[in-house]
Amino acid sequence: MTRPTPLSGFPEWLPAQRLAEQQVLDRLRRTFELYGFAPLETRAVEPLDQLLRKGETSKEVYTLRRLQAAEGEEEQSLGLHFDLTVPFARYVLENAGKLQFPFRRYQIQKVWRGEKPQHGRYREFLQADIDIVDRDTLPPHYEAEIPLVIGDALRSLPIPAVKIMVNNRKLCEGFYRGLGLEDPEEILRIIDKLDKIGANAVTQLIVQAGGTDSQAKACLALAEIRAQDASFADAVRGLGVEHPLLDEGVSELAAVVETAREHSPGLVEATLKIARGLDYYTGTVYETELSGYEQYGSICSGGRYDNLASAGKDVFPGVGISIGVSRLLGLLFDADALAVSRPTPTAVLVALWNEEERAASNRIAAALRARGIATEVAPVPAKLGKQIRYAERRGIPFVWFPASASAEGGDQVKDIRSGEQVPASSDDWNPPAEDMAPMLR
């Protein structure tokens with residue numbers, strides 16, 4: 001086999017990074033379940049027409065086909081899912097008769113997106129989603145609950161603080177309609193590009209879309225508004241635009257911000273430039289910045305959708321948010337800002353005096369494992385110093401010295417970091433709690 005060439009955009013973590021990833025996922029699961037979300041996993045592929053029916057994603061979808069098919073055999077066009085919301089909506093429609101509503105689920109899976117790989121942005125990556133869906137109607141208070149769950153989940157990790165920026169599609173659409181703009185969805189897509197292309201380019205695009213300079217100026221004035229409480233509403237009204245949908249959006253957004261302010265002051269900010277590119281969002285939308293990493297964009301985003309999970313008269317509105325786990329970890333790993341206390345789960349290495357006594361070392365290891373202590377036996381009966389250095393290289397904190405058949409005395413265990421060595425029995429010895437498993441730090 002020739003030396004392989006790395007594939008850009010398809011991250012493969014080292015073992016210590018994978019341990020960190022697993023601990024991050026464990027903490028996310030724990031928080032999601034504390035809020036009553038049940039686990040779910042959907043298939044990796046969806047019919048291509050379903051993937052393409054919502055949002056501007058056609059350039060990002062990876063299609064799927066067999067390398068060889070029987071002559072004359074036609075297969076349904078399939079694609080790898082680019083997010084977890086579209087497959088979840090399909091799952092709800094297929095299983096509505098078996099689910100209890102409102103249905104709360106979390107889902108942690110790989111997704112695939114054919115975009116340009118860059119720092120913290122991949123083509124294959126892990127997402128962690130939560131969604132709440134209901135039949136026919138979904139009360140807006142769920143839109144206020146979603147950022148609280150994410151705030152608690154991310155606060156459980158040893159990472160920089162996050163800020164969840166929120167807006168409301170109804171607020172924006174009502175404002176644009178109140179201005180007299182005829183295509184509010186196009187204006188939303190243009191405003192979503194504000195941070196990338198700047199105010200002048202946004203103004204030009206709005207004018208090209210049929211707006212005037214004064215309408216573009218008003219849209220930019222709305223996008224500049226931000227506040228961590230309901231005071232943003234006064235700033236919006238101060239722009240002098242009126243529309244019933246605008247009033248509805250302001251009310252809903254104020255409830256989200258005030259609920260979050262009571263739960264976690266400083267966590268949520270009304271940021272009226274947030275639009276979200278996918279067009280299935282209909283209410284509150286979220287984007288999340290990591291302190292110190294703002295230049296890399298959002299690490300967690302989502303929103304309210306009313307029509308994504310619908311077929312005929314059956315409508316299941318929902319609200320959800322997704323953490324870009326691989327994106328978050330990639331940024332932190334590259335900055336050496338997240339790690340585990342040791343690169344292996346093994347807490348104890350049982351030394352091996354000679355091959356004839358391997359069975360005795362195996363019995364000690366089995367007894368320790370039976371009590372939940374990760375243990376391995378030295379690979380070869382090398383000199384004791386070499387076995388200790390092997391443990392040091394692996395990051396194993398304790399070396400167990402079995403009682404030798406050729407010498408007197410019982411078992412002993414050594415903390416090779418401090419040098420402390422004490423008598424021990426595999427029936428009752430335990431490492432300190434912080435050494436039982438690698439700790440996230």
Side-chain angles (χ1 to χ4, degrees), residues 12-31 33-34 108 126 152-160 325 328-329 332-353 357-404 407 409-441:
E12 293 179 319
W13 307 135
L14 293 171
Q17 295 172 326
R18 175 60 174 156
L19 282 171
E21 180 184 60
Q22 288 179 319
Q23 292 210 19
V24 166
L25 298 180
D26 287 343
R27 296 191 189 188
L28 295 180
R29 289 188 194 98
R30 191 176 307 126
T31 303
E33 292 181 1
L34 283 173
I108 302 175
L126 192 66
D152 285 357
L154 295 178
R155 263 198 307 270
S156 73
L157 304 173
I159 64 174
V325 178
L328 172 64
L329 293 180
L332 295 172
F333 288 159
D334 288 349
D336 292 325
L338 186 69
V340 284
S341 56
R342 63 176 189 262
T344 176
T346 307
V348 179
L349 176 74
V350 181
L352 184 62
W353 300 120
E357 296 186 62
R358 181 177 289 277
S361 293
N362 286 341
R363 284 193 292 271
I364 293 168
L368 293 172
R369 293 185 196 118
R371 295 192 296 106
I373 302 169
T375 308
E376 59 183 273
V377 176
V380 294
K383 291 182 179 180
L384 195 56
K386 288 187 175 181
Q387 295 189 54
I388 292 174
R389 285 194 293 275
Y390 171 81
E392 288 174 335
R393 290 195 300 270
R394 294 285 312 284
I396 301 171
F398 296 95
V399 175
W400 191 284
F401 305 124
S404 174
D411 291 3
Q412 297 206 1
V413 64
K414 181 175 184 175
D415 184 335
I416 62 174
R417 300 162 300 181
S418 66
E420 181 183 8
Q421 184 169 322
V422 297
S425 167
S426 59
D427 293 330
D428 56 20
W429 178 86
N430 288 294
E434 63 271 18
D435 289 324
M436 279 291 288
M439 301 291 290
L440 196 61
R441 62 186 184 188

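All values derive from a computational prediction rather than experimental measurement.
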Exercise. Can you sort out the partners of Arg155 under salt bridge (charged side-chain N to carboxylate O under 4.0 Å, His left out), two or more places apart, ordered by chain and number?
Key: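 If we apply the salt bridge (charged side-chain N to carboxylate O under 4.0 Å, His left out) test to Arg155, skipping adjacent residues, the hits are Asp152.
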If we ignore hydrogens and angles and just use 3.5 Å, is the side chain of [X] paired with the main-chain N or O of [Y] as donor and acceptor?
X      : Y      : value
Glu33  : Arg30  : no
Thr346 : Val348 : no
Arg369 : Thr375 : yes
Gln387 : Ala351 : no
Arg394 : Ile396 : no
Arg18  : Trp13  : no

Exercise. For Phe401, enumerate each residue passing the ring-ring contact (aromatic ring centres under 6.0 Å, His included) test, keeping only those at least two apart in sequence or located in another chain.
Key: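 Applying ring-ring contact (aromatic ring centres under 6.0 Å, His included) to Phe401 gives none.
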Atom pairs and distances, donor-acceptor, side-chain atoms in residues 424-431, under 3.5 Å, two or more places apart:
{"from": "Ser425", "atom 1": "OG", "to": "Asp427", "atom 2": "N", "distance (Å)": "3.2"}
{"from": "Asn430", "atom 1": "OD1", "to": "Arg371", "atom 2": "NH1", "distance (Å)": "2.9"}
{"from": "Asn430", "atom 1": "ND2", "to": "Asp428", "atom 2": "O", "distance (Å)": "3.4"}

Listing, residues 433-441 side-chain donor-acceptor contacts under 3.5 Å, not counting sequence neighbours, or none:
{"from": "Asp435", "atom 1": "OD1", "to": "Arg417", "atom 2": "NH1", "distance (Å)": "3.0"}
{"from": "Asp435", "atom 1": "OD2", "to": "Arg417", "atom 2": "NH2", "distance (Å)": "2.8"}

Quiz prompt | Under the side chain to side chain donor-acceptor pair (under 3.5 Å) test, residues paired with Asp334 that sit two or more places apart | solution =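 Checked Asp334 against side chain to side chain donor-acceptor pair (under 3.5 Å); matches are His119.
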Self-check item: Trp353 versus Pro402, closest heavy-atom pair with distance
Solution: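 Nearest pair, atom of Trp353 first, then Pro402: NE1-O, 2.8 Å.
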Quiz prompt | Closest contact, heavy atoms only, Thr344 versus Arg342 | solution =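 Closest pair (atom of Thr344, atom of Arg342, distance): O-NE, 3.0 Å.
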Practice problem: Output every pair passing salt bridge (Lys or Arg N to Asp or Glu O under 4.0 Å) with a member in residues 378-389, not counting sequence neighbours, ordered by first then second residue. | Solution: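 Checked against salt bridge (Lys or Arg N to Asp or Glu O under 4.0 Å) - neighbours excluded - no pair reaches residues 378-389.
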